[in-house]
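For reference, the structure is listed below as structure tokens.
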2 protein chains.
Amino acid sequence: MATFIGNIEAKADVKGRIFIPASYRKQLPEGERERLVMRMDPNNACLILYPEGVWNRKVADFKEKLDEWNSDDQMLLMQFVSDAEWLDIDSQGRVLISKRYLQQIGASQEVLFVGMLDRIALWDKAAYERSRLSSNDFAKRLAEKMMKKSVD
Amino acid sequence: MATFIGNIEAKADVKGRIFIPASYRKQLPEGERERLVMRMDPNNACLILYPEGVWNRKVADFKEKLDEWNSDDQMLLMQFVSDAEWLDIDSQGRVLISKRYLQQIGASQEVLFVGMLDRIALWDKAAYERSRLSSNDFAKRLAEKMMKKSVD
DNA sequence: TTTTTTGTGGGGGAATGTGGGGAATTAAAT
DNA sequence: ATTTAATTCCCCACATTCCCCCACAAAAAA
């Protein structure tokens with residue numbers, strides 16, 4: 001499976017099109033290079049891009065864990081799914097992101113792709129810088145989480 | 001598993017390419033000599049090079065300990081992963097390191113590979129000299145650390 | 001010395017990233 | 001219904017960067 005890492009700058013053009021970095025596109029499985037699923041992140045001002053396969057697995061996971069006849073569960077499902085949409089990748093390797101989503105993440109021009117292993121986050125560049133932890137905080141909290149076991 | 005030790009000088013050429021010392025390359029497991037993972041060290045002005053296997057184990061460890069649905073956890077994951085990237089080793093045994101990372105470690109020309117057992121650190125040569133502890137400090141602090149274990 | 005391995009440098013072609021024109025589609029306005 | 005505007009989508013044209021390849025220097029081994 002693909003392992004997306006790193007962060008790559010990109011620019012949205014006037015039409016709201018954004019080039020998917022080739023290094024990411026190449027990691028998409030054969031036959032999954034036509035489109036992605038995009039979803040608004042509920043916690044942060046960013047969009048999450050899922051390869052089809054990853055998205056499908058996520059959906060399957062939902063179906064398994066959520067009860068079809070439980071209305072709370074269905075509300076959760078609906079809300080999760082409703083903030084998502086398919087993104088077609090054009091012949092140049094770009095995706096068109098609708099204005100409203102770009103606005104939601106505060107993206108003007110400069111955006112940033114950030115690898116998150118099985119998926120990709122898309123941030124407004126400035127917003128990402130702001131929400132990064134200071135390296136001290138980061139190191140401390142990560143160490144706590146990982147139980148001080150050889151993380152670094 | 002490989003055990004990288006020692007320190008080896010090298011030069012970045014005008015294009016930012018750096019030769020991986022043969023002695024290190026030979027220690028990479030068969031089938032892991034095509035590429036490495038590079039990551040900015042959060043604490044020091046150096047880059048860490050991971051053999052694929054070591055990196056993969058680290059990632060697996062993360063997935064295990066961090067919760068996909070916890071936003072704090074995901075932020076940590078993102079920050080860890082975002083400063084990393086794949087480095088392809090070319091047919092000459094070199095890696096191309098992007099300008100921005102070279103700048104971040106203040107590397108002009110002279111760099112230094114420093115073995116760190118399962119991984120390799122890459123420093124600007126001068127920067128490394130500066131951040132070394134004096135041998136007095138070093139001996140003292142090391143002694144403290146190693147004493148603690150058996151005492152308390 | 002000769003041969004092999006290790007390290008250095010650069011040229012050129014393909015791939016990547018950027019822009020814009022203009023159908024086709026949808027939505028709002030007259 | 002017709003016009004106008006806005007959005008979506010497909011196509012082509014370029015500039016730039018990257019990366020593959022080859023050639024060779026330098027060092028080590030034979």
Side-chain angles (χ1 to χ4, degrees), chain A residues 2 4-28 30 32-38 47 49 84-105 107-115 120 122-125, chain B residues 2 4-28 30 33-38 49 84-103 107-115 120 122-125:
Chain A
F4 304 106
I5 64 177
N7 67 96
I8 301 171
E9 286 183 32
K11 262 188 260 181
D13 67 21
V14 277
K15 297 182 179 181
R17 292 177 301 187
I18 299 176
F19 204 96
I20 306 283
S23 55
Y24 288 163
R25 203 142 28 83
K26 270 189 287 198
Q27 288 190 72
L28 292 172
E30 290 295 332
E32 295 194 14
R33 297 184 183 169
E34 304 298 318
R35 52 187 196 159
L36 299 168
V37 174
M38 176 194 81
L47 300 169
L49 307 179
E85 66 182 43
W86 290 100
L87 290 186
D88 289 324
I89 300 177
D90 76 12
S91 56
Q92 262 66 235
R94 293 173 292 195
V95 291
L96 175 67
I97 298 185
S98 61
K99 294 264 153 61
R100 61 192 253 248
Y101 281 111
L102 283 180
Q103 281 174 357
Q104 285 208 48
I105 64 168
S108 43
Q109 286 271 351
E110 304 274 321
V111 296
L112 202 65
F113 287 89
V114 182
I120 303 166
L122 181 66
W123 288 81
D124 174 65
K125 195 183 161 209
Chain B
F4 304 107
I5 61 176
N7 68 95
I8 300 171
E9 288 183 30
K11 261 189 263 181
D13 68 21
V14 277
K15 294 184 179 180
R17 292 177 300 189
I18 299 177
F19 203 95
I20 306 282
S23 57
Y24 287 162
R25 201 141 29 84
K26 269 188 287 199
Q27 288 189 73
L28 292 172
E30 289 296 332
R33 297 185 184 169
E34 304 297 318
R35 51 189 197 159
L36 299 168
V37 174
M38 175 195 82
L49 306 179
E85 66 182 42
W86 290 100
L87 292 186
D88 289 324
I89 300 177
D90 75 13
S91 55
Q92 263 66 237
R94 292 173 294 192
V95 290
L96 175 67
I97 298 186
S98 60
K99 298 259 156 63
R100 61 196 257 239
Y101 283 110
L102 283 180
Q103 281 175 356
S108 43
Q109 286 273 352
E110 303 275 321
V111 296
L112 201 64
F113 287 90
V114 182
I120 303 166
L122 181 66
W123 287 81
D124 174 66
K125 195 182 161 209

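Each chain gets a letter, A, B and so on, in the order its sequence line appears, and its residues count up from 1.
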- Query: Looking at CD of B/E85 and CD1 of A/I8, how far apart are the two atoms once the value is rounded to the nearest 0.5 Å?
  - Reply: 7.5 Å
- Comparing B/V14 with B/I8, nearest DNA chain C nucleotide closer to 5' gives the residue B/I8
- Using atom types as modelled and distance alone, determine if a side-chain donor or acceptor of A/Y24 lies under 3.5 Å from a backbone N or O of A/I5. yes
- Item | First and last nucleotide of DNA chain C, 5' to 3', lying under 4.0 Å from heavy atoms of chain A | C/dT16 to C/dG22
- Item | Expected output: side-chain B/R94 to main-chain B/I89 donor-acceptor under 3.5 Å | no
- Query: Looking only at heavy atoms, what is the nearest atom pair of A/D124 and A/I105, with distance?
  - Reply: CB-O, 3.4 Å
- Value for NZ (A/K11) from NZ (A/K125), rounded to nearest 0.5 Å, stands at 10.5 Å
- Query: At what distance, to the nearest 0.5 angstrom, does CH2 of A/W123 lie from CD of A/E9?
  - Reply: 15.5 Å
- For each nucleotide in nucleotides 14-30 of chain D, reading 5' to 3', give B when a protein heavy atom comes within less than 4.0 Å of its base, S when such contact involves only the sugar-phosphate, and - otherwise. -----BBBBB-------
- Task: Indicate yes or no for a side-chain donor-acceptor contact from A/R33 to the backbone of A/L28 under 3.5 Å, with no hydrogens or angles considered.
- Result: yes
- Item | Partners meeting side chain to side chain donor-acceptor pair (under 3.5 Å) with B/D88 (sequence neighbours left out) | none
